[in-house]
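Chain letters run A, B, ... following the sequence lines, proteins first and then strands; every chain starts at 1. Note that the coordinates shown come from a computational prediction; the quantities given were computed from them, not determined experimentally.
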Amino acid sequence: MTDELVCRRAKRERIRALGMQPYAERYERTHTPHEAAQLADDTPAVRIAGRVIALRWFGKLAFGHLADCSGKMQFALQRNVLAERFKDFEQCVDVGDFIGIEGRVFTTKTGEKTIDVQTWTFLSKALRNLPEKFHGMTDPELRMRRRYLEMITTPETMARFRDRTTIIRAIRAYLDGHGFMEIDTPVLTNKASGAMATPFVTQYHALDIEVYLRIAPETYLKRAIAGGFDKVYEFARSFRNEGIDPSHLPDFTLLEYYCAYWNYEDNMAFTERLLKHIVHELKGAYDVSYAGTQISFDGAWPRVTFRDLILRDAAIDIEACPTRETLLAAMADKNITFDDMSVIKGAGRATLIDLLYKKVSRPKLINPVFVTQHPIELSPLARRNDTNPNVVDRFQLVVNGWEIVNAYSELVDPLDQAERFAQQAAARAAGDAEAMQVDEDFLLCMEYGMPPISGWGMGVDRVVALLTDTHNLRDVILFPLLRPEA
RNA sequence: GCGCCAUUAGCUCAGCUGGUAGAGCAACUGACUCUUAAUCAGUGGGUCCGAGGUUCAAGUCCUCGAUGGCGCACCA
């Protein structure tokens with residue numbers, strides 16, 4: 001054990017010996033530190049509580065700061081005011097401890113509002129030192145493993161998580177204000193459906209079955225529409241058994257909503273209004289700076305089809321390439337290659353289109369753009385376009401090269417849905433772990449009838465990262481998953 | 001999964017071509033009634049990520065492993 005640990009444990013006993021409780025039960029506050037720092041001089045009997053984050057001793061005088069989530073306030077201890085209790089403080093209180101203080105407000109020579117402590121109460125002993133105050137914590141592993149320390153030492157971190165809550169509240173308020181109803185659907189499910197992703201699997205002992213953590217709430221929210229609700233949403237914590245990187249988490253917040261009688265164009269219009277509102281609520285403007293580039297949410301957001309986008313960026317017309325082979329030939333003709341060419345080996349035409357899009361187009365989409373009319377093979381739950389049966393009525397909102405929103409006119413034709421599931425099942429049998437599982441229960445629901453629907457999924461963590469200029473999704477969630485410490 | 005990089009005191013980091021383990025902050029002792037990265041004097045603190053290897057000698061070089069970061073791939 002280090003010196004510090006030994007010493008702090010000894011102080012914990014000294015606190016008891018002096019008749020105090022090292023872990024007190026409660027403390028009656030009159031103000032937060034932030035509020036108290038606004039009070040007029042000579043306001044008496046101000047009581048605040050918090051963590052001691054700094055202490056400076058001058059023999060018979062000491063200054064320190066007490067902080068809570070509202071902010072911090074300076075306090076002064078004087079021996080000629082506190083008498084014996086001055087020495088007790090010196091012997092018992094360390095940076096990191098929680099204390100309550102009561103005193104009178106004054107302003108120091110340097111102009112800082114300060115509480116002249118008349119009495120103090122020990123609240124809770126910290127047995128470990130806080131990280132160094134000047135550099136704070138920079139080791140990314142420690143910052144994530146002990147996020148609470150980063151929160152204490154880094155105000156920007158606190159601000160970021162406050163912004164996250166502000167954004168989520170604003171979204172919720174907007175949806176509630178537009179007639180949507182927040183509902184809850186299962187996390188443990190029989191079928192991992194609603195997206196193409198590898199699920200987490202676990203065992204449910206009571207029913208003796210395998211269950212899947214949801215990868216998306218989609219099919220349940222649609223069941224709720226079938227049941228008669230016309231506008232529903234859920235902030236759905238979803239789980240995907242895939243890699244962790246700066247834009248992917250195994251455990252992330254997927255907001256989905258569904259609205260009866262809308263098509264994807266109604267949905268696009270609403271999406272644009274919703275997101276502009278959120279950006280403005282948080283930033284007070286429509287411009288956002290991200291990693292040094294300016295992103296503008298202002299003006300009407302462009303809408304471009306998959307076909308036009310690839311035509312523009314790669315000079316390939318995907319409609320003129322109806323097969324995998326013709327498309328590969330066109331790509332070869334334009335000298336389009338991938339770092340790892342093995343990815344195109346087993347890829348069908350639709351997957352190739354998707355790869356092409358991610359390679360040549362998506363990284364260029366910085367300001368918000370709606371990308372529409374995706375290949376049908378990539379969209380097993382989306383409604384087929386009425387004029388072109390090879391594409392679906394779908395859009396993705398792309399910002400900063402990230403897919404933020406994925407939406408479509410929902411497929412509500414049970415026979416078409418059954419066919420799409422069959423295609424997915426075939427792909428799955430052929431070894432595609434991410435192909436969708438057949439969800440008979442969802443099909444049954446659809447057979448009883450669903451109205452026209454358009455719905456939507458949004459990566460909340462990505463939106464928060466974008467609006468807070470955060471470059472790794474693990475820094476917009478408080479406690480990311482890491483391997484256990486050795 | 002693959003590649004590159006990192007890991008030294010509680011925290012932030014130095015430690016060159018191999019030669020007795022260092023600093024700042026934090027801690028401890030003392031001085032100090034207006035400081036705020038307080039200051040000054042002194043003291044203690046190390047499984048140099050782990051296991052092997054090369055060498056007279058390894059924090060340093062080599063191999064394997066652990067954890068983390070970044071990039072690639074998969075994916076929102």
Item to check | Spacing of the P atoms in G44(B) and A38(B) (rounded, Å) | outcome: 24 Å
Checklist entry - Hey, does Glu112(A) reach any base, or is it just sugar-phosphate, or nothing, if we go heavy atoms under 4.0 Å? => result base
Next on the checklist: Regarding Met144(A), tell me which of base, sugar-phosphate or nothing describes its non-hydrogen contacts under 4.0 Å with the strands shown.
Outcome noted: sugar-phosphate
Checklist entry - What is the nucleic acid contact for Gly59(A), judged by heavy atoms within less than 4.0 Å: base, sugar-phosphate only, or nothing? => result base
Item to check | Test applied, side-chain hydrogen bond (donor to acceptor under 3.5 Å, both in side chains); reference residue, Arg164(A); option that passes from Thr470(A), Thr468(A), Asp461(A) | outcome: Asp461(A)
Item to check | Separation between the P atoms of G24(B) and A31(B), rounded to whole Å | outcome: 23 Å
Next on the checklist: At 4.0 Å (heavy atoms only), tell me whether Leu249(A) reaches a base, stays on the sugar-phosphate, or touches nothing.
Outcome noted: base
Item to check | Complementary nucleotide of A73(B), counting Watson-Crick and G-U pairs under 3.5 Å | outcome: none
Next on the checklist: Using the C1' atom as the point on both nucleotides, what is the distance between U8(B) and G59(B), in whole Å?
Outcome noted: 7 Å
Checklist entry - Partner of A27(B) by Watson-Crick or G-U wobble geometry, both contacts under 3.5 Å, or none? => result U43(B)
Item to check | Nearest-Å distance once atom C1' is located in both U17(B) and U60(B) | outcome: 11 Å
Next on the checklist: Over all strands shown, is Arg143(A) touching base, sugar-phosphate only, or nothing at heavy-atom distances under 4.0 angstrom?
Outcome noted: nothing
Next on the checklist: Between A6(B) and A14(B), how many Å separate the two C1' atoms, rounded to a whole number?
Outcome noted: 15 Å
Checklist entry - With sugar-phosphate meaning primed atoms plus P, OP1 and OP2, does Thr108(A) contact a base, only sugar-phosphate, or nothing at under 4.0 Å between heavy atoms? => result base
Checklist entry - How would you label the contact of Asn241(A) with the nucleic acid (heavy atoms, under 4.0 Å): base, sugar-phosphate, or nothing? => result nothing
Checklist entry - Contact class for Gln78(A) (heavy atom, under 4.0 Å): base, sugar-phosphate, or nothing? => result base
Checklist entry - How would you label the contact of Trp402(A) with the nucleic acid (heavy atoms, under 4.0 Å): base, sugar-phosphate, or nothing? => result nothing
Checklist entry - Is the ring centre of Phe58(A) under 5.5 Å from the base ring centre of C32(B), and are the two planes under 30° apart, so that they stack? => result no
Checklist entry - In the structure shown, which nucleotide is the Watson-Crick or G-U wobble counterpart of G19(B), with both distances under 3.5 Å? => result C56(B)
Next on the checklist: By the 4.0 Å heavy-atom rule, please label Asp245(A) as base, sugar-phosphate, or nothing.
Outcome noted: base
Checklist entry - Looking across every strand, which nucleic acid part, if any, lies under 4.0 Å from Lys11(A) by heavy atom: base, sugar-phosphate, or nothing? => result sugar-phosphate
Checklist entry - Looking only at N and O atoms, is any donor in the side chain of Asn80(A) or the base of U33(B) less than 3.5 Å from an acceptor on the other one? => result yes
Item to check | No-H, no-angle donor-acceptor pair, Thr110(A) side chain to U35(B) base, under 3.5 Å | outcome: yes
Checklist entry - On a whole-Å scale, what distance lies between the P atoms belonging to C40(B) and U47(B)? => result 30 Å
Next on the checklist: At 4.0 Å (heavy atoms only), tell me whether Asp461(A) reaches a base, stays on the sugar-phosphate, or touches nothing.
Outcome noted: nothing
Item to check | A51(B) pairs with, by Watson-Crick or G-U criteria that keep both distances under 3.5 Å | outcome: U63(B)
